[in-house]
Trainee: 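Quick one: the structure is below, questions incoming.
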Amino acid sequence: MREPLLAVTDLRKSFGALAVTDGVSFDVHGNELHAIIGPNGAGKTTLIHQLSGNLASDSGKVRFAGEDITKLSMVERVRRGLARSFQITSILDGFTVIENAAMAVQARSGSSFRFLRPASKERRLNDEAMAALARVKLDDRAHRRAGSLSHGEKRQLEIAIALATGAKLLLLDEPLAGTGHEESAVLVALMQELKQTHTIVLIEHDMDAVFALADRVSVLVYGRLIATGTPEEVRTHPEVRAAYLGEEEAA
Ligand SMILES: Nc1ncnc2c1ncn2[C@@H]1O[C@H](COP(=O)(O)OP(=O)(O)OP(=O)(O)O)[C@@H](O)[C@H]1O
Ligand SMILES: [Mg+2]
């Protein structure tokens, strides 16, 4: 059987006495959209930090594209194609949209562009940045100041920045948080389209979006995965209903 793109084994992180991720194991196949859901404080963001390399794990193993990346820094993980939409390169409001994307291209390919003459280097940067913007349908905003974008457009730009780093796998932590109905529909359509070419780990509280987008869903409760399966398997899983979905539906 083909090795999964991302394989997480028995990952743990404690803050003092609090075991925030408590033996998390799951895998993500190439071009899969794998959603991780769970109540507030379950450890989802912490898990994303551990996968992106923002936060060192206490123990456990992370393999990506056939390589053990557990001990690698965030920069080294980005170079291998693992990018987090938020915080990896956050948006700089004072720069234009395309400058923001170009900085991400540069972060990845600074060394591979080393031998190009400045003019062609700039053209390459520009072309790649524009391609990432076109992918998230922000190319018509390229020369606007990033600070002038709407909340939803900023989320789109964050995804473009992750794409511009050359990511194969995108870690998206609540991309729909704080978006209005229309903005959220745009982002869901964008993720649907990105699924064709990218592998995505999506953390999201919006269950309609999760069930519409995910190939598989894992449910994290108090730092432990209590279920992994297709949206339908997870929706009807008794423990999940008791621990999480039931409580949401009742709310
Ligand atoms: N740096 C830290 N130091 C101490 N405790 C932390 C730290 N980061 C997170 N925690 C705690 O770990 C637990 C899990 O937090 P985390 O942010 O990973 O949850 P989450 O599942 O992303 O929640 P939400 O759905 O609200 O975003 C919480 O109890 C939180 O207070
Ligand atoms: Mg969180």
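Start at 1 and go down the list; that is how both ligands and their atoms are numbered. This structure is a prediction, so every number in the text was calculated from the model and none was measured.
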Trainee: Taking Arg12 first and then Asp10, would you say they form a salt bridge - that is, a charged N and a carboxylate O separated by under 4.0 Å?
Mentor: yes
Trainee: Can an N, O or S atom be found in Thr45 less than 2.8 Å away from the Mg ion (ligand 2)?
Mentor: yes
Trainee: Under 4.0 Å from a heavy atom of Glu174: which atoms of ligand 1 are those, numbered in the order shown and with their elements?
Mentor: 25 (O), 27 (O)
Trainee: Does Arg77 make a cation-pi contact with Phe64, if we ask for NZ or CZ under 6.0 Å from the ring centre and within 45° of the axis?
Mentor: no
Trainee: For atom 16 (P) of ligand 1, which protein heavy atom lies nearest, and how many Å away is it?
Mentor: Thr46 OG1, 3.7 Å
Trainee: Any salt bridge between Lys13 and Asp58, counting N to O under 4.0 Å?
Mentor: yes
Trainee: Cut-off 3.5 Å, side chains only: do Arg241 and His237 have a donor facing an acceptor?
Mentor: no
Trainee: Is at least one protein non-hydrogen atom found at under 4.0 angstrom from atom 2 (C) of ligand 1?
Mentor: yes
Trainee: For atom 12 (O) of ligand 1, what's the nearest protein heavy atom and its distance?
Mentor: Val20 CG2, 3.2 Å
Trainee: What verdict does the salt bridge (charged side-chain N to carboxylate O under 4.0 Å, His left out) test give for Lys195 and Asp215, after you've listed the backbone C-alpha separation in whole Å, the side-chain angles of each residue and the deciding distance to 0.1 Å?
Mentor: CA-CA 10 Å; Lys195 266 179 71 168; Asp215 299 301; 3.5 Å; yes
Trainee: Do Thr199 and His29 get their side chains close enough for a donor-acceptor pair, meaning under 3.5 Å?
Mentor: no
Trainee: Considering only protein heavy atoms, which is closest to atom 14 (C) of ligand 1, and at what distance to one decimal place?
Mentor: Gly41 O, 3.3 Å
Trainee: Starting from atom 25 (O) of ligand 1, locate the nearest protein heavy atom and write down its residue, its atom name and how far away it is, to 0.1 Å.
Mentor: Lys44 NZ, 2.7 Å
Trainee: Counting heavy atoms only, which of Leu18, Thr45, Asn40, Ile48 comes nearest to atom 17 (O) of ligand 1?
Mentor: Thr45
Trainee: So, Thr197 and Arg135: side-chain donor and acceptor under 3.5 Å apart, yes or no?
Mentor: yes
Trainee: Measure the distance from atom 6 (C) of ligand 1 to every protein heavy atom, then report the residue, atom name and distance (to 0.1 Å) of the closest one.
Mentor: Phe15 CD1, 3.3 Å
Trainee: Give yes or no for whether the N/O distance cutoff of 3.5 Å, strictly under, is met between Ala42 and ligand 1.
Mentor: yes
Trainee: Could you tell me, atom by atom, which parts of ligand 1 come under 4.0 Å of a heavy atom of His205?
Mentor: 25 (O)
